[in-house]
Amino acid sequence: MADGSSSNTKRNSLILHHPTNLKGGWNAAIFIIFVEFAERFAYQGLASNLIQYLTNVLNEPITQAAKDVNTWVGASSLFPLLGGFIADSYLGRFNTILLSSVIYFAGMVFLTLSVTAFKHKLLFFLALYVLAIGDGGHKPCVQTFAADQFDEDTPEEKDAKSSFFNWWYLGIVAGSTASVFVVIYLQDNVGWGVGLGVLAGVLALALALFLLGIKRYRKEGPAGSPFTRLAQVFVAAWRKWRVQATHGHYNFFHDEDEEHHEPHHHLHVQPKIHTLLHTHQYRFLDKAAIIDEIDAESKTRDPWRLCSLTQVEEVKLVLRLIPIWLSCLMFTVVQSQVHTFFIKQGATMERSIGPHFQVPPASLQGLVGVTILFAVPFYDRVFVPLARKITGKPTGITVLQRIGVGLFLSILNMVVSALVEDKRVGVAKEFGLIDDPKAVLPISIWWLLPQYMITGISDAFTIVGLQELFYDQMPESLRSLGAAAYISIVGVGSFVGNIVIIVVEAVTSRAGDGEKWLGNNLNRAHLDYFYWVLAGLSAVNLCVYVWLAIAYVYKKVDEGHLTSSDQQGSGHKKYKPGV
């Protein structure tokens, strides 16, 4: 059975990656990058200016509008967990992307109708969350599906994949930036119906473009519920809790054939499972792979009592990522200010360019994208080669170091933002406009330029790093969920941002001086104090992250084996470096 499975796997691998096969690689990935460009164009065109619609059209208070935006962004970033599970377990990534794109398009059509034909607040919010559901299927699958077009077992394509994540994020940023400059202007100066109608048209174009490349894609079928494999390890380890120690050499079970070499569909290939080497963290889980007397005497293996070593190591991979996930939440709390309080700051400042044009306050978010458009190629083409000469690492610095740089920059971002806000309020006091929240202060909106640029640079480090980490370090069968997990950092971070706002409001309301830090009148409020609080929390968070990153153990792959039937052969063991 093992030999047959191994030969089937090798045959499928040859079918997929034969030199004459035109499927996969950049020929396929470029279609998916353009699709993601269009999807980000639509999402950012809505999210970037949503707080303006809530406050100016629906007349919500600033703090309530900020919480509504954070809640919607949070939901949009948590639905991918469900979408990733469905893709990995049942539909596959291609089918999930197709279905979610249709739902996403329908949601945008409903949203357009809610601000034009019907003008109903309930329909508006209902359409927002239909969009969130559609985005939940799209986000976790499209990046993973694009990365799957590159074969990790082919040296040329493996090198291309390393660069892919930078250019993938560049495509996302290009779409977001174009939307911020074009769609927001239409929303503020022509009408929300026109602006949202353009987004619906772009989504229709994206769906057509995705289908245009259908014959070029490498597709992997669903591998079944990944949670079953995870649960089996915990149950098996618990059932063997009497095994006294897991130090030293043990008779570990290595066979993976039963779990992974099922009959292949003629259109899809099952995800490849690489043999993982044993690590010494979470040693209590090793008991699940130890063959004890009961296992040895049994004629058949009970998967809920004996798991393979690779299966155990897959669980460890997931457990190692959880602390990193938690330590990045404060980063997204800081970044969420771009969609909320940064915009309201800009709305009070001088925005004129020439006698007839005013910069929409939300359009400054385009500066984030412009910064990333320069930062990512610079990182890929200049920084990495220079760092490689110093560190000797192929990637210049490790992915965790890259994320850490972004976390540090987020602290700097809040410090700069606090100083600029203090300057803005000082101008309001100087010109006697402190009690006029709608007054345009004689201070240029370009004072906000540094905080937007730092946001872009920190994104180029941390967001791209998280994308790569949660793709590379997740088990192959969980990669859609890995993408969803990285996206959910944004979602949970948005909810954490809401909690910080609520706590700050509650504390400052009891202060007794009559001035809330986050009141509707930003001239009387103390938004700068709020930014200092975020800077302090982010500094504490960075210390925790550094401690976790130092202790992190990267995935250890036996490069000489693709299937367990070769387990007894001689393979080269490659250890990925630590922090």
Side-chain angles (χ1 to χ4, degrees), residues 26-50 73 76-77 79-80 83 87 93-112 127-128 130-149 164-187 192-217 362-363 365-366 368-370 372-373 376 459 463 467 483 487 490:
W26 280 111
N27 288 331
I30 195 67
F31 277 87
I32 309 171
I33 288 177
F34 279 123
V35 169
E36 182 66 1
F37 173 96
E39 193 276 336
R40 287 296 92 188
F41 183 93
Y43 178 85
Q44 200 67 25
L46 173 61
S48 297
N49 211 26
L50 183 57
V73 171
S76 298
S77 301
F79 275 121
R93 288 159 195 158
F94 174 82
N95 292 330
T96 304
I97 294 171
L98 189 60
L99 177 62
S100 61
S101 296
V102 173
I103 296 173
Y104 199 66
F105 172 69
M108 190 62 75
V109 171
F110 291 147
L111 195 68
T112 305
L128 276 181
V130 171
L131 277 169
I133 293 172
D135 208 27
H138 183 95
K139 277 182 177 177
C141 298
V142 68
Q143 173 194 309
T144 309
F145 185 61
D148 286 344
Q149 304 309 310
F164 159 77
F165 286 100
N166 287 325
W167 295 102
W168 170 261
Y169 194 59
L170 200 64
I172 293 176
V173 171
S176 301
T177 304
S179 179
V180 165
F181 287 131
V182 176
V183 177
I184 290 177
Y185 178 81
L186 293 176
Q187 292 167 348
W192 275 86
V194 175
L196 295 179
V198 169
L199 300 183
V202 169
L203 287 176
L205 179 62
L207 180 58
L209 191 61
F210 181 66
L211 293 174
L212 187 63
I214 191 170
K215 293 184 178 181
R216 297 175 179 237
Y217 303 141
S363 288
Q365 294 172 77
V368 176
V370 170
I372 296 174
L373 288 174
V376 171
D459 262 6
I463 297 299
Q467 288 177 347
I487 294 167
V490 178

Looking only at heavy atoms, what is the nearest atom pair of [X] and [Y], with distance?
| X | Y | value |
| --- | --- | --- |
| G83 | T96 | O-CG2, 4.0 Å |
| T112 | G193 | CG2-O, 3.8 Å |
| S76 | A132 | OG-CB, 3.5 Å |
| L209 | F31 | O-CD2, 3.7 Å |
| L207 | S101 | CD1-CB, 3.9 Å |
| G134 | S100 | O-CB, 3.2 Å |

Point-to-point distance, once rounded to the nearest 0.5 Å, from [atom1] of [X] to [atom2] of [Y]:
| X | Y | atom1 | atom2 | value |
| --- | --- | --- | --- | --- |
| F110 | L196 | CZ | CG | 14.5 Å |
| Q467 | I172 | CD | CD1 | 5.0 Å |
| S179 | N49 | OG | CG | 9.5 Å |
| L111 | L131 | CG | CG | 6.0 Å |
| I33 | I30 | CD1 | CD1 | 4.5 Å |
| Q365 | T177 | CD | OG1 | 10.0 Å |

>> Is there a side-chain contact between Q187 and I184 in this structure, where contact means two heavy atoms from C-beta onward sitting under 4.5 Å apart?
In response: yes

> What residues form a side-chain hydrogen bond (donor to acceptor under 3.5 Å, both in side chains) with D135, not counting sequence neighbours?
Replying inline: K139

>> Atom OH of residue position Y185 - does it have more than 12 heavy atoms of other residues, nucleotides or ligands inside 6.0 Å?
In response: no

Please tabulate, for the side chains in residues 37-46, all donor-acceptor contacts under 3.5 angstrom to protein atoms that are two or more places apart in sequence or on a different chain.
residue	atom	partner	partner atom	Å
E39	OE2	Y104	OH	3.4
Q44	NE2	S48	OG	2.9

> Partners of F210 by side-chain contact (heavy atoms from CB on, under 4.5 Å), sequence neighbours excluded?
Replying inline: V35, F94, I97, L98, F145, Y217

